Novice: 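Here it is, the structure, as structure tokens.
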2 protein chains.
Amino acid sequence: MENSCELCIYRSYLFDNLDKKEFALLTLSKKELEFRKGSIICREGEKIKSFLYLKQGLLKIYKNVDNRREQIIGITKPKDFIGLLSAFNETTHLYSISALEDSSVCVIDIEAIKNLVIKDGSFALNLLGKMSKINDQILGTRLNINLKNLRGRIAYILLMFREIYKSEIYDIPVSRKEIAELIEMRTENVIRILSELRKDKIIRIEGKSIEILDLHRLEQIAEFG
Amino acid sequence: MENSCELCIYRSYLFDNLDKKEFALLTLSKKELEFRKGSIICREGEKIKSFLYLKQGLLKIYKNVDNRREQIIGITKPKDFIGLLSAFNETTHLYSISALEDSSVCVIDIEAIKNLVIKDGSFALNLLGKMSKINDQILGTRLNINLKNLRGRIAYILLMFREIYKSEIYDIPVSRKEIAELIEMRTENVIRILSELRKDKIIRIEGKSIEILDLHRLEQIAEFG
DNA sequence: TCGCAGATATGATATATATCAGAAATGTTA
DNA sequence: TAACATTTCTGATATATATCATATCTGCGA
């Protein structure tokens, strides 16, 4: 089967130890969907029917706080599971998810995953670990960001995208407004501080294009503000 | 066996569906420890050897940010599992835990729990749900607190303890400094705002003793600042 | 019981960040 | 292409919160 999860090169190590029969079940229970940049994958409050896995692209997880503003909880990178796995707790999505870049998402029937958990103990244990990790990461990031001043937060975000794109030069996939929503500050201040960093020759910016010129100093700022 | 988990009235529903053999294993693998107010249950960085369950009392989960300051991540209520269950991800504790009140903690060998996960699929599924819930709660609380102004945060905390003690009158189990560390503000401002709320006749305070006089207004403040 | 460290308390001031205002650049739709 | 909305940008100002200083109170060990 050309669409087999067993042969998928984007597969998470979570699925590494499944047997033939389990892979067959997984392959049957999944669909692969493409989402264009900007499109919405799911909305807060909607029923959870599937377990989502990001193959390629970049997503944002967010919550609407009022009509004009969103609170971005986190960014999902390829090979991550999506939705904080509240799948096993709540019956409705706690957060909305949308695509920051054209993305390819594996949509696996939630019942199939629950089945795997029940039948395959080591899969369950792996899943617990993976879930722990994602949650710890998101919480850790939030706590971290709140300890920093605005300069530190901007530096942190620039470094985060460096990690994602594995490069000092990249097109930032979010607007200044979205950066603000991600690190709890105001759009004007995001812009202002980016300009300051430019003037200080720490970064080069041209619209969405970012180049980190002085990595060391940026890391200092991320750490100490 | 008098110490049996099967007969424990403080037991979490997580363990409800275990069979006789599983209960026997659980009972054998657990110790029940008492911690005096102020004593430390575990320290950030220590090896995780057990799965902790709070029977009675109140704990705080925290991180040291610098020599003088702690960042309190959350408060654990009875019948909660402790340590954000990073047990399944990290091998060392991500956070420290100490007792805010005299507390009784069940310490279960982590390998016994892993064994249950592997052998008993429905236990695994339950655990995933429980874990999801705790993580969602903690993250939700953090996000929520950051949206509020200082007045709103104080109101929120006062209402949180009302929930815990199920009463409008209670002795607050944390110092003003700890309140500050829990809701990301400064000790002086905690004290100042408590005084303001007292002057406004919304609460009565006398040292650690708190009485909520105007619940409605306090709820308004918690919501809108 | 004294003396001391930490907690509580309050006022004055400093500072970081938000808010407001307006302009230029960019993208989008008719 | 024009018209409009949105994003980016910069400066001025307001405001919330942190910081500093100082005093009183409280609990605790010697």
Side-chain angles (χ1 to χ4, degrees), chain A residues 36-39 60 65-72 100 145-158 171-200 203-210 221-222 224-225, chain B residues 36-39 60 65-72 98 100 145-158 171-200 203-210 221 224-225:
Chain A
R36 305 292 306 209
K37 179 177 172 162
S39 62
K60 71 170 174 181
V65 280
D66 51 52
N67 288 335
R68 311 205 139 265
R69 241 167 82 211
E70 290 172 359
Q71 184 178 30
I72 300 180
L100 290 172
I145 283 173
N146 283 321
L147 287 175
K148 296 184 198 304
N149 66 11
L150 299 195
R151 254 175 101 82
R153 291 181 202 181
I154 291 291
Y156 176 91
I157 278 299
L158 293 175
D171 278 1
I172 198 159
V174 287
S175 69
R176 313 293 196 252
K177 182 158 171 280
E178 284 173 313
I179 295 175
E181 289 167 340
L182 183 55
I183 54 183
E184 322 217 17
M185 51 192 283
R186 294 302 157 149
T187 311
E188 294 95 320
N189 289 325
V190 170
I191 292 165
R192 214 184 302 276
I193 288 167
L194 283 173
S195 295
E196 280 173 32
L197 294 176
R198 176 167 42 73
K199 279 172 203 155
D200 294 346
I203 59 171
R204 191 183 57 73
I205 26 174
E206 218 181 303
K208 298 281 188 194
S209 163
I210 303 268
I221 293 169
F224 306 107
Chain B
R36 305 291 306 210
K37 179 177 170 159
S39 62
K60 70 170 173 180
V65 280
D66 51 53
N67 288 335
R68 312 205 139 266
R69 240 167 82 211
E70 291 171 357
Q71 184 178 30
I72 300 180
S98 74
L100 290 173
I145 283 173
N146 284 320
L147 288 175
K148 297 184 198 302
N149 68 8
L150 299 195
R151 253 176 102 83
R153 291 182 202 181
I154 291 291
Y156 178 91
I157 279 299
L158 293 175
D171 278 1
I172 198 158
V174 288
S175 69
R176 313 291 196 254
K177 182 159 171 282
E178 285 174 313
I179 296 175
E181 289 167 341
L182 181 56
I183 53 183
E184 323 216 16
M185 51 191 284
R186 294 300 156 149
T187 311
E188 295 94 321
N189 288 325
V190 171
I191 292 166
R192 214 185 303 276
I193 288 168
L194 283 174
S195 295
E196 280 173 31
L197 293 177
R198 176 167 43 70
K199 280 171 203 155
D200 293 346
I203 59 171
R204 192 184 56 72
I205 26 175
E206 220 181 302
K208 298 281 187 195
S209 163
I210 303 269
I221 292 168
F224 306 107

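Each chain gets a letter, A, B and so on, in the order its sequence line appears, and its residues count up from 1. These figures come from a predicted structure and were not determined experimentally.
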Novice: Measure the CD1-CG distance between Ile221(A) and Leu197(A) for me, rounded to the nearest 0.5 Å.
Specialist: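 Rounded to the nearest 0.5 Å, the CD1-CG separation comes out at 5.5 Å.
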
Novice: Rounded at 0.5 Å granularity, tell me how far CD1 in Ile72(A) sits from CG in Leu100(A).
Specialist: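 The CG atom of Leu100(A) is 7.0 Å from CD1 of Ile72(A), to the nearest 0.5 Å.
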
Novice: Whole Å only: how far is the CZ atom of Arg153(A) from the P atom of dT17(C)?
Specialist: 7 Å

Novice: Can you tell me how far P of dT8(C) sits from CZ of Arg198(B), to the nearest Å?
Specialist: 13 Å

Novice: Output all residues satisfying side chain to side chain donor-acceptor pair (under 3.5 Å) with Lys60(A), sequence neighbours left out; order by chain, then residue number.
Specialist: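 By the side chain to side chain donor-acceptor pair (under 3.5 Å) rule, Lys60(A) matches Glu70(A), Glu178(A).
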
Novice: Does this structure show an ion pair linking Arg192(B) with Glu196(B), if we count only N-O contacts that are shorter than 4.0 Å?
Specialist: no

Novice: Is the NZ atom of Lys208(B) crowded by more than 12 outside heavy atoms at less than 6.0 Å?
Specialist: yes

Novice: Using a cut-off of under 3.5 Å, enumerate the N/O to N/O pairs linking the protein to nucleotides 5-7 of chain D.
Specialist:
none

Novice: Working to the nearest 0.5 angstrom, can you tell me the gap between Leu194(B) CG and Ile205(B) CD1?
Specialist: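 Those atoms lie 5.0 Å apart.
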
Novice: Contacts to DNA chain D from residues 179-194 of chain A, heavy-atom cutoff under 4.0 Å, which residues?
Specialist: Glu188(A), Ile191(A), Arg192(A)

Novice: Quick one: list whatever passes side-chain contact (heavy atoms from CB on, under 4.5 Å) with Arg186(A), sequence neighbours left out.
Specialist: Arg69(A), Glu188(A), Asn189(A)

Novice: Mind grabbing the angle between the end helix axes of the helix from dT1(C)-dA30(D) to dA30(C)-dT1(D)? Five pairs an end, 10° rounding.
Specialist: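 End axes: 40° apart.
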
Novice: May I have the distance from Ile172(B) (atom CD1) to dA7(C) (atom C1'), rounded to whole angstrom?
Specialist: 14 Å

Novice: Could you run down the sub-3.5 Å N/O contacts of the protein with nucleotides 23-26 of chain D?
Specialist:
none

